[in-house]
Amino acid sequence: MWCELCQANFFDEYQMEGVSAEQNEIYLELAPENLSRALKTAQNAKAVKIKLTNRHCPCLTVAVELPSLSSTSRIVTHDIPVSVIPRRLWNDFKEPTVPTFDVSIYLPTIKTMKSVVERMKNLSNLIVIEANRNGEINLKIETDLVSVSTHFKDLGNPPWVSDDASQSSTQERDTDVMSEATVDIKKLLQFLAGQQVNPNKAICNIVHKRMVHFIFLHDDVSLQYFIPAIA
């Protein structure tokens, strides 16, 4: 999973001093439920300030200024323990490279897709995702007892422009030829269930029998999700 948030869309003021002028970054590891819990208290806040502090250990301190009937502000502070990742390990956290895909296609509405996958999960642990360059995508499960398939058409294919020779060769394939990947249905549903708002664009890239790569683009957030295929 890879998520990018543009600082200017979330913070009125922003001060950052990384490890050096050349590497103006800090890498932190934390339990997401702790941050989520802290931010839930900020839903009706007048202001929220997030800063890196050093209490008994490194912490991400979330200071929430809440509305008050008096002239005195009510401030709730959460100290979230974090681990500072040393620079020698930064390469482990670089944005994943996207392999050359065989098919790229726009997804149907996430709510519809989630509803279909939820029904299928009761019948199988694996789901086959297949698509072509003619705007068609199929979701399939096959067991000894049952075979179920849902078809979507006229979805459209993103107009990728690539100088890569191998990518160009995939664009010359027959538009009706299907590329597919079999993935863990729970991992797919976990990702779909986390999408509370339908994205502006939702794209699925398939590397035949190797990987499914999802890109969800919102106004201020981009999400990438990689699911390796199961042989």
Side-chain angles (χ1 to χ4, degrees), residues 1-98 110-111 114 183-203 211-228:
M1 182 82 170
W2 182 268
C3 176
E4 285 190 19
L5 302 90
C6 180
Q7 158 259 316
N9 290 335
F10 293 90
F11 301 101
D12 295 327
E13 297 178 25
Y14 186 83
Q15 294 177 349
M16 170 74 194
E17 289 184 24
V19 295
S20 67
E22 295 77 26
Q23 294 180 305
N24 190 25
E25 296 176 298
I26 302 174
Y27 285 42
L28 303 175
E29 187 172 26
L30 69 151
E33 59 268 21
N34 290 342
L35 181 59
S36 174
R37 204 157 35 227
L39 293 176
K40 280 180 181 176
T41 66
Q43 288 179 341
N44 298 313
K46 291 171 63 180
V48 179
K49 183 180 289 185
I50 301 175
K51 54 187 176 181
L52 182 60
T53 58
N54 195 0
R55 307 298 191 190
H56 299 296
C57 65
C59 288
L60 205 58
T61 296
V62 180
V64 181
E65 184 182 349
L66 297 171
S68 174
L69 296 176
S70 67
S71 58
T72 308
S73 294
R74 291 189 302 146
I75 296 182
V76 177
T77 302
H78 303 266
D79 291 323
I80 303 168
V82 298
S83 299
V84 180
I85 296 171
R87 206 183 318 183
R88 69 177 184 277
L89 299 179
W90 282 12
N91 281 340
D92 296 343
F93 297 92
K94 282 189 173 179
E95 181 177 0
T97 55
V98 181
I110 304 307
K111 185 177 179 181
K114 178 188 167 191
V183 299
D184 185 325
I185 199 166
K186 289 180 181 176
K187 289 181 178 177
L188 175 60
L189 193 56
Q190 195 173 31
F191 178 59
L192 296 175
Q195 306 309 308
Q196 303 300 322
V197 180
N198 215 48
N200 297 337
K201 285 185 180 178
I203 297 170
M211 179 188 291
V212 179
H213 170 227
F214 294 102
I215 306 173
F216 283 12
L217 300 176
H218 299 265
D219 288 334
D220 45 19
V221 178
S222 69
L223 290 167
Q224 293 186 66
Y225 192 52
F226 298 79
I227 310 182

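All residue numbers in this chain count up from 1 along the given sequence. Keep in mind that this is a model prediction, so the values were computed, not measured.
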For the residue pair A202 and I110, what are the closest heavy atoms and their distance?
CB-CD1, 4.1 Å

To the closest 0.5 Å, what do you measure between CG (N54) and NE2 (H56)?
10.0 Å

Say you draw a straight line from CG of L60 to CG of L52; how long is it, rounded to the nearest 0.5 Å?
6.5 Å

Would you check if V84 and L28 make a side-chain contact, meaning some heavy-atom pair closer than 4.5 Å?
yes

To the nearest 0.5 Å, how far apart are NZ in K94 and CH2 in W2?
10.0 Å

Flag if over 12 foreign heavy atoms under 6.0 Å of CD, Q23
yes

If you compare all heavy atoms of I85 against all heavy atoms of E29, which two are closest, and at what distance to 0.1 Å?
CD1-CB, 4.1 Å

State, with a plain yes or no, whether a side-chain heavy atom of I215 is found less than 4.5 Å away from one of K201.
no

Rounded distance (nearest 0.5 Å) linking atom CG of L188 with atom NZ of K114
12.0 Å

Q190, CD atom: more than 12 neighbouring heavy atoms under 6.0 Å:
no

Nearest heavy-atom neighbours spanning G18 and I26:
CA-CG1, 4.1 Å

Considering all heavy atoms, the nearest V183-P228 contact
CG1-O, 3.9 Å

Does CG in N9 sit with more than 12 non-hydrogen atoms of other residues, nucleotides or ligands closer than 6.0 Å?
yes

What's the spacing between I80 CD1 and E33 CD if we round to 0.5 Å?
10.5 Å

Side-chain atoms of residues 219-226: list all donor-acceptor pairs with protein atoms under 3.5 Å, sequence neighbours left out, distances to 0.1 Å.
unit_1	atom_1	unit_2	atom_2	d
D219	OD1	N200	ND2	2.6
Q224	OE1	H213	NE2	2.9
Q224	NE2	E95	OE2	2.7
Y225	OH	K187	O	3.1

L30 to P81 - nearest heavy-atom pair and separation:
CB-O, 4.0 Å

To the nearest 0.5 Å, how far apart are OG1 in T61 and CZ in R55?
4.0 Å

Note, H78 side chain near N34 side chain (heavy atom, < 4.5 Å)
no

D184 vs I227, test: side-chain contact (heavy atoms from CB on, under 4.5 Å). Steps then yes/no.
CA-CA 8 Å; D184 185 325; I227 310 182; 5.5 Å; no

Under the ring-ring contact (aromatic ring centres under 6.0 Å, His included) definition, can you give me all pairs with a residue in residues 15-55, not counting sequence neighbours?
Y27-W90

Mind telling me whether F216 and F214 have parallel, tilted or perpendicular rings, with 30° and 60° as the class edges?
perpendicular

